Amino acid sequence: MELGGTAMSLLLLLVLAASPLQQARAVGGGRPRVPAILVFGDSIVDTGNNNAVLTLTKSNFRPYGKDLNGGVPTGRFSNGRIPTDFVASRLGLKDLVPAYLGTDLSDDDLCTGVSFASGGTGYDPLTSTLVEELNMFAEYKERLAGVVGDEAAAAGIVAESLFLVCAGSDDIANNYYLAPVRPLQYDISAYVDFLVEQACDFIRQLYQQGARRIAVLGMPPVGCVPSQRTLAGGLARDCDPARNHAAQLYNSRLKEEVVLLQKELACQRIGYVDIYDVLQDMITNPCKYGFEVSTRGCCGTGDLEVSLLCNQLTAPTCPDDRKYVFWDSFHPTEKAYEIIVDYLFPRYIENLL
């Protein structure tokens with residue numbers, strides 16, 4: 001009996017010292033819902049790849065990451081964890097999804113998933129495109145095969161893994177409304193059709209490379225993020241209806257095309273995920289979610305500071321980021337991301353598992 005009590009005490013100590021995710025596994029004995037999570041897209045889901053990329057779109061400096069791992073910046077465009085991390089936790093995989101580039105990846109990291117996402121990426125070839133991320137994925141599969149023993153075993157892991165794709169916001173915000181080229185070539189309806197076509201082609205390429213569970217995120221209310229309010233919302237910094245209309249148009253057409261892709265590829269586990277409505281509601285009704293500020297970011301004035309402009313030398317942060325929907329002028333706070341994932345997971349992600 002004394003030995004059993006000692007063993008039980010040691011187990012409890014280990015559980016209490018573990019992370020919440022590890023505690024859940026130890027107590028409940030649960031298994032991960034999928035073997036891995038594999039992430040593609042832009043800064044919303046970039047966990048640090050841009051640290052190793054020649055670009056000005058970086059967040060590997062303070063105050064980014066101030067609420068994560070003792071305040072050491074990781075390259076996540078927020079004050080803490082981002083959607084990929086929360087989804088991985090909900091899947092029972094791990095607390096943080098590592099970046100594929102610039103990271104000393106362990107065998108377990110490779111087997112349970114990584115992020116290939118890069119801040120500034122879009123579907124439009126004028127930006128950094130998802131092609132580079134596909135190339136990284138091909139290399140990843142070779143490394144995974146080396147870890148698990150053969151290509152067939154690696155292909156099995158890939159087929160059962162959850163793929164998360166998040167892109168398009170930079171295309172609307174930057175390529176169409178800031179750059180002078182695309183508006184000369186397309187009206188907004190035609191440009192949206194072009195983006196949807198590019199998105200569907202990317203999904204087909206993922207499928208061809210073995211993906212079978214693919215969550216494709218729509219666009220948020222781009223016109224209501226702080227920087228776009230500042231640029232196009234007038235003196236009152238209202239939401240820009242043109243940018244929001246573009247996002248809604250894109251979402252409706254992408255949703256329709258995903259249904260067609262399910263039939264074309266004979267794969268029902270390709271799904272559209274609507275992030276527009278929940279974030280719009282958080283912005284419109286912040287108090288409903290425990291926020292006080294939804295029109296400005298926590299960093300600096302909150303109107304324009306993002307990436308290099310959000311730094312500890314020129315942009316002091318707000319006293320309590322948990323009162324803010326947005327961390328900088330483009331990206332939500334950790335608290336907002338957690339609420340968003342809690343909303344989306346049972347409504348969309350569960351259907352793909």
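What you see is a predicted model; the values in this text were computed from it and never measured. Throughout, numbering of the chain's residues begins at 1 and tracks the sequence.
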ring-ring contact (aromatic ring centres under 6.0 Å, His included) between Phe345 and Tyr348, worked out: CA-CA 6 Å; Phe345 197 92; Tyr348 297 98; over 10 Å; no
Assess the side chains of Tyr250 and Asp171: does a donor N or O sit below 3.5 Å from an acceptor N or O? no
Mutual orientation of the aromatic rings belonging to Phe40 and Phe163 [parallel < 30°, tilted 30-60°, perpendicular > 60°]: parallel
Within 45 degrees of the axis of the six-membered ring of Phe86 and under 6.0 Å from its centre: does Arg81 put its NZ or CZ there? yes
Is any side-chain N of the basic residue among Asp321 and Lys335 closer than 4.0 Å to the acidic one's carboxylate O? no
From CA spacing to verdict: side-chain hydrogen bond (donor to acceptor under 3.5 Å, both in side chains), Tyr337, Asp85: CA-CA 10 Å; Tyr337 278 140; Asp85 303 315; over 6 Å; no
Are Val273 and Val216 packed together at the side-chain level, in the sense that at least one heavy-atom pair is separated by less than 4.5 angstrom? no
Gln280: side-chain contact (heavy atoms from CB on, under 4.5 Å) partners, not counting sequence neighbours: Pro221, Cys224, Asn244, Tyr276, Thr284
Between Asn135 and Glu139, is the side-chain hydrogen bond (donor to acceptor under 3.5 Å, both in side chains) condition met? List the steps. CA-CA 6 Å; Asn135 293 337; Glu139 180 184 279; over 6 Å; no
Whether the Tyr191 and Asp124 side chains hold a donor-acceptor pair (N or O, under 3.5 Å, no angle test) is what I'd like checked. yes
N/O donor-acceptor pair under 3.5 Å between Asn175 side chain and Ile172 backbone: no
Phe137 six-ring centre to Lys141 NZ/CZ under 6.0 Å and within 45° of normal: yes
Looking just at side-chain N and O atoms, do Arg76 and Thr74 make a donor-acceptor pair shorter than 3.5 Å? yes
Under the criterion side-chain contact (heavy atoms from CB on, under 4.5 Å), I'd like the reasoning laid out for Lys323 against Val293: C-alpha separation, chi angles, the key distance, then a yes or no. CA-CA 6 Å; Lys323 295 179 179 179; Val293 183; 5.6 Å; no
With a 3.5 Å cut-off and no angle check, do the side chains of Asp46 and Ser43 form a donor-acceptor pair? no
Kindly confirm or rule out a cation-pi arrangement of Arg347 over Tyr343, judged by NZ or CZ under 6.0 Å from the six-membered ring centre and within 45° of its axis? yes
